Protein chains: 2
Amino acid sequence: MARLTNVHKTYTMSAGNVVQALRGVTLDIPRGAFYALMGPSGSGKSTLLNIIGSLDRPDTGTITLDGTDITAISPSELPDIRRRLIGFVFQGFNLIPTLNALENVALPLKYEGIRRRKAREHAVELLEKMGLGGRIHHRPNELSGGEQQRVAISRALIMNPPLILADEPTGEVDTATSETIMSLLSDLNEKGQTIVVVTHDPFTASYAERVIRMRDGHILSPDEENGE
Amino acid sequence: MARLTNVHKTYTMSAGNVVQALRGVTLDIPRGAFYALMGPSGSGKSTLLNIIGSLDRPDTGTITLDGTDITAISPSELPDIRRRLIGFVFQGFNLIPTLNALENVALPLKYEGIRRRKAREHAVELLEKMGLGGRIHHRPNELSGGEQQRVAISRALIMNPPLILADEPTGEVDTATSETIMSLLSDLNEKGQTIVVVTHDPFTASYAERVIRMRDGHILSPDEENGE
Ligand SMILES: Nc1ncnc2c1ncn2[C@@H]1O[C@H](COP(=O)(O)OP(=O)(O)OP(=O)(O)O)[C@@H](O)[C@H]1O
Ligand SMILES: Nc1ncnc2c1ncn2[C@@H]1O[C@H](COP(=O)(O)OP(=O)(O)OP(=O)(O)O)[C@@H](O)[C@H]1O
Ligand SMILES: [Mg+2]
Ligand SMILES: [Mg+2]
């Protein structure tokens, strides 16, 4: 589904100092995989997820999504690939402040020209699964942190994307709500969707079939993980 | 330090439906206490913290801060009380996007007219304690989620406020970084600062002397917590 080969990403600050966020990442995410990505704050997880999701470009290295080398094609082709393939849950949610929960979740469907009533039903159903049935008309600033998080998750899932990239989807919620979110993701994975979840929470990571650990822009080999 | 008596807070939506966020909260936070506040997403924790911090007003009930009934005084007096007494870590961080980490943290000091060099030294020291020594010139959008969180925490602590109100201060960070944050708060508590931390994370809550649990806008009695 996604394959990264020797991906490097460096940020250069205006003062000239340099942050090497990814230092040669090679990773294969097979179709139907359910991976958790863990590591210290600042180790490069969000950067890696953004690059897998084509929201950011590596400096060197290649990324293949669903067979297409997205580092080789024109950037103008990326939005269509992204829309077709990927549902992204952002660490900061990125909800549209002027739209309510229902409108935020239905937005990708509207873009696809799906009939308004059908889009609305699908969005309501998903929000209810997330326990937000009573909050669908609330705008983001009328929602709690964990409620905003669940709206962001719902928006990412509404198109049943083949690849789900979730950056800390349970960071603002209690264990019971985490369970609701992660079992929904497990169900989708059983139906064939590929899932990568960045998380700091071992309980959340336990739903994945495999945990990938990062440190300082590197993915750790199993030996490195065990402190060798 | 802070005392709430029968505090109610209701949000009324434009469509007329009503959300009872706090349904009669009575709570005493003694000087020098270190409390954790836990409960399901949407149960009213942030609303309660905002009201304790005078950032929001209850509909009914009283709040006393350091001996002053803040529900009885003119709202124009609140900013001074708040600045003198409270350091607030927001669930959404609320960093100023155009300022870098150092400037964000030094901002409360500048407001107090503290000499610029002294303010800068104090801010750098705190950021280094938070593991952000190499990131002080980064703006928020040049920081990871957990780095932004630590900048928000540093800004709240920079004035050594008597009362620290922290809304999910470890939601975006790994366990080791949580430990750094929570042991810093423990040190401050040992020196006499009063601390209330809202959290979903039992590890974070374990640093507190007492856990207060909420559900549906209520604080649970110990019996209710035990499911009686
Ligand atoms: N635009 C940028 N300019 C400079 N440095 C950046 C920029 N964006 C991120 N960084 C740095 O790159 C490093 C990796 O960032 P990233 O957001 O990938 O970390 P992360 O593993 O997701 O951390 P967290 O767990 O805190 O969310 C961080 O140290 C961060 O300061
Ligand atoms: N401005 C508002 N208008 C209407 N309802 C609101 C508003 N702000 C909050 N609410 C509702 O009040 C309830 C309590 O919100 P609050 O932010 O205090 O919850 P919380 O316990 O902090 O949740 P979380 O753990 O998800 O952060 C939520 O159900 C939320 O939808
Ligand atoms: Mg991140
Ligand atoms: Mg909250």
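Here is the naming used below: chain letters follow the sequence lines, and residue numbers restart at 1 for every chain. Only a predicted model underlies this, so the values are computations on that prediction, with no experimental measurement involved.
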Identify which of Ala21(B), Gly39(B), Gly42(B) forms the greatest number of heavy-atom pairs closer than 4.5 Å to chain A.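 Of the candidates given, the most pairs with chain A belong to Gly42(B).
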
Mind listing the donor-acceptor pairs under 3.5 Å that bridge chain B and chain A?
{"from": "Ser41(B)", "atom 1": "N", "to": "Asp174(A)", "atom 2": "OD1", "distance (Å)": "2.7"}
{"from": "Ser41(B)", "atom 1": "OG", "to": "Arg150(A)", "atom 2": "NH2", "distance (Å)": "2.7"}
{"from": "Gln91(B)", "atom 1": "NE2", "to": "Glu172(A)", "atom 2": "OE1", "distance (Å)": "2.9"}
{"from": "Arg150(B)", "atom 1": "NH2", "to": "Ser41(A)", "atom 2": "OG", "distance (Å)": "2.7"}
{"from": "Glu172(B)", "atom 1": "O", "to": "His200(A)", "atom 2": "NE2", "distance (Å)": "2.9"}
{"from": "Glu172(B)", "atom 1": "OE1", "to": "Gln91(A)", "atom 2": "NE2", "distance (Å)": "2.9"}
{"from": "Asp174(B)", "atom 1": "N", "to": "His200(A)", "atom 2": "ND1", "distance (Å)": "3.2"}
{"from": "Asp174(B)", "atom 1": "OD1", "to": "Ser41(A)", "atom 2": "N", "distance (Å)": "2.7"}
{"from": "His200(B)", "atom 1": "ND1", "to": "Asp174(A)", "atom 2": "N", "distance (Å)": "3.2"}
{"from": "His200(B)", "atom 1": "NE2", "to": "Glu172(A)", "atom 2": "O", "distance (Å)": "2.9"}

Could you work out, with ring pair (Phe, Tyr, Trp, His ring centres under 6.0 Å) as the rule, every residue matching Phe90(A), not counting sequence neighbours?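 Scan of Phe90(A) (ring pair (Phe, Tyr, Trp, His ring centres under 6.0 Å), adjacent residues dropped) gives Phe88(A).
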
